[in-house]
Amino acid sequence: MTSGPLVIAVDGPAAAGKGTLSRRLADRLGLAYLDTGLLYRAVGRRVLTAGGDPSDAAAATAAAAAIGVADLDHPDLRDERVTDAASKVAAVPEVRAALLAFQRSFAAAPPPGAAGVVMDGRDIGTVVCPDAGVKIFVTASPEERAQRRHKELLGRGTASIYARVLADVIARDQRDSEREAAPLKRAADAFVLDTTALDADEALAAALRHIEAVTGGDPCR
Ligand code: DC
């Protein structure tokens with residue numbers, strides 16, 4: 001493991017439980033948390049707001065150059081149209097390059113009081129922080145992930161059809177995995193955490209056991 005702040009990289013496909021796990025790990029271990037998907041969502045939202053096409057590399061690149069902290073705080077960042085736009089702008093290499101520096105400086109210099117960071121995304125362990133002390137690849141079957149997403153949408157009062165959510169999950173997996181720029185891919189040295197049959201507490205316990213094994217005890221001491 002390299003010296004410097006502890007970096008826990010959590011990658012995996014959509015709706016595998018990365019966000020919940022990462023937030024809880026950060027809480028438990030006194031680490032800062034960065035949801036890197038929000039950066040791509042903010043870029044996608046900015047393109048849509050300007051009336052542009054998220055697949056248009058020039059529009060997406062201009063939006064990536066313009067985003068600031070305020071862009072990360074919009075309630076509609078999780079809406080379906082923004083989700084779809086995020087996946088499109090994320091395939092543009094110039095967008096990824098623009099967001100890389102921000103992510104790396106967050107990892108290198110966590111906010112005051114935090115002993116390190118938990119970052120979740122698709123390419124944290126492979127591209128953003130290849131030297132991360134801990135790498136976890138969180139996954140689950142597409143059907144289970146679609147079921148969770150479907151329930152979450154219904155819980156928020158949004159109309160949802162399971163078959164459509166499943167088709168969206170599969171399409172997004174494909175786009176995230178097949179793009180040329182930093183595709184979704186497990187780092188060779190990542191611990192695979194399959195949450196298909198685990199609840200959030202069981203996933204947290206499994207991740208903590210792994211972190212303890214890698215760091216040899218309390219990772220923040
Ligand atoms: O994790 P999420 O669903 O909020 O991510 C939104 C989109 O951004 C998703 O299509 C994948 C992309 N993304 C990425 O390419 N790299 C990251 N580090 C994080 C997200």
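First listed ligand is number 1; within each ligand, the first listed atom is number 1.
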May I ask you to identify, for Arg175, whether its side chain, its backbone, both or neither come under 4.0 Å of ligand 1 on a heavy-atom basis?
->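 It is neither part, as no heavy atom is under 4.0 Å.
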
Under a 4.0 Å heavy-atom limit, does Asp176 contact ligand 1 with its side chain, its backbone, both, or neither?
->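 The answer is the side chain.
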
Looking only at heavy atoms, which two atoms of Thr139 and Pro13 are closest? And how far apart?
->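 Minimum heavy-atom contact is OG1-CG, 3.9 Å.
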
Within a distance under 4.0 Å of any heavy atom of Ser87, pick out the atoms of ligand 1 and give their elements.
->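 What qualifies from ligand 1 is 10 (O).
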
Close-contact set for ligand 1 against Gly121 heavy atoms, below 4.0 Å |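 The list of qualifying atoms is 17 (C), 18 (N), 19 (C).
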
Contact check: [X] vs ligand 1, nitrogen or oxygen atoms, below 3.5 angstrom:
X      : answer
Thr36  : yes
Arg179 : yes
Gln103 : no

Suppose we measure from [atom] to each protein heavy atom; which comes out shortest, and what is that distance?
atom                    : result
atom 16 (N) of ligand 1 : Arg96 NH2, 3.0 Å
atom 1 (O) of ligand 1  : Arg122 NH1, 2.8 Å
atom 8 (O) of ligand 1  : Tyr40 CB, 3.4 Å
atom 7 (C) of ligand 1  : Ala86 CB, 3.8 Å
atom 3 (O) of ligand 1  : Arg41 NH2, 3.0 Å
atom 12 (C) of ligand 1 : Ala90 CB, 3.7 Å

Where does the angle between the aromatic ring planes of His150 and Tyr162 fall among parallel (under 30°), tilted (30 to 60°) and perpendicular (over 60°)?
->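 Geometry flag for Tyr162 against His150: perpendicular rings.
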
Answer yes or no: is there a donor N or O on one side and an acceptor on the other, between the side chain of Arg23 and the main chain of Asp27, under 3.5 Å?
->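 Looks like no, no N/O pair under 3.5 Å.
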
Chi angles and distances behind the salt bridge (charged side-chain N to carboxylate O under 4.0 Å, His left out) call for Glu152, Arg148 = CA-CA 6 Å; Glu152 181 196 326; Arg148 290 178 192 166; over 6 Å; no

Tell me which one of Ala181, Gly37, Ala16, Pro183 gets a heavy atom nearest to atom 5 (O) of ligand 1.
->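 Nearest option to atom 5 (O) of ligand 1, by heavy atoms: Gly37.
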
Note: Arg78-Asp35 ion pair, threshold 4.0 Å (strictly below) =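 Yes.
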
Are Asp176 and Arg122 within salt-bridge range, i.e. N to O under 4.0 Å?
->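 A salt bridge is present here (some side-chain N lies under 4.0 Å from a carboxylate O).
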
Asp79 vs Arg45, salt bridge (charged side-chain N to carboxylate O under 4.0 Å, His left out): CA-CA, chis, key distance, verdict | CA-CA 10 Å; Asp79 287 1; Arg45 181 183 181 279; over 6 Å; no

Pair Ser87-Arg172, side-chain donor/acceptor within less than 3.5 Å =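 No, no side-chain donor-acceptor contact under 3.5 Å.
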
Walk me through it: do Asp71 and Arg46 pass the test salt bridge (charged side-chain N to carboxylate O under 4.0 Å, His left out)?
-> CA-CA 8 Å; Asp71 289 286; Arg46 213 170 225 282; 3.2 Å; yes

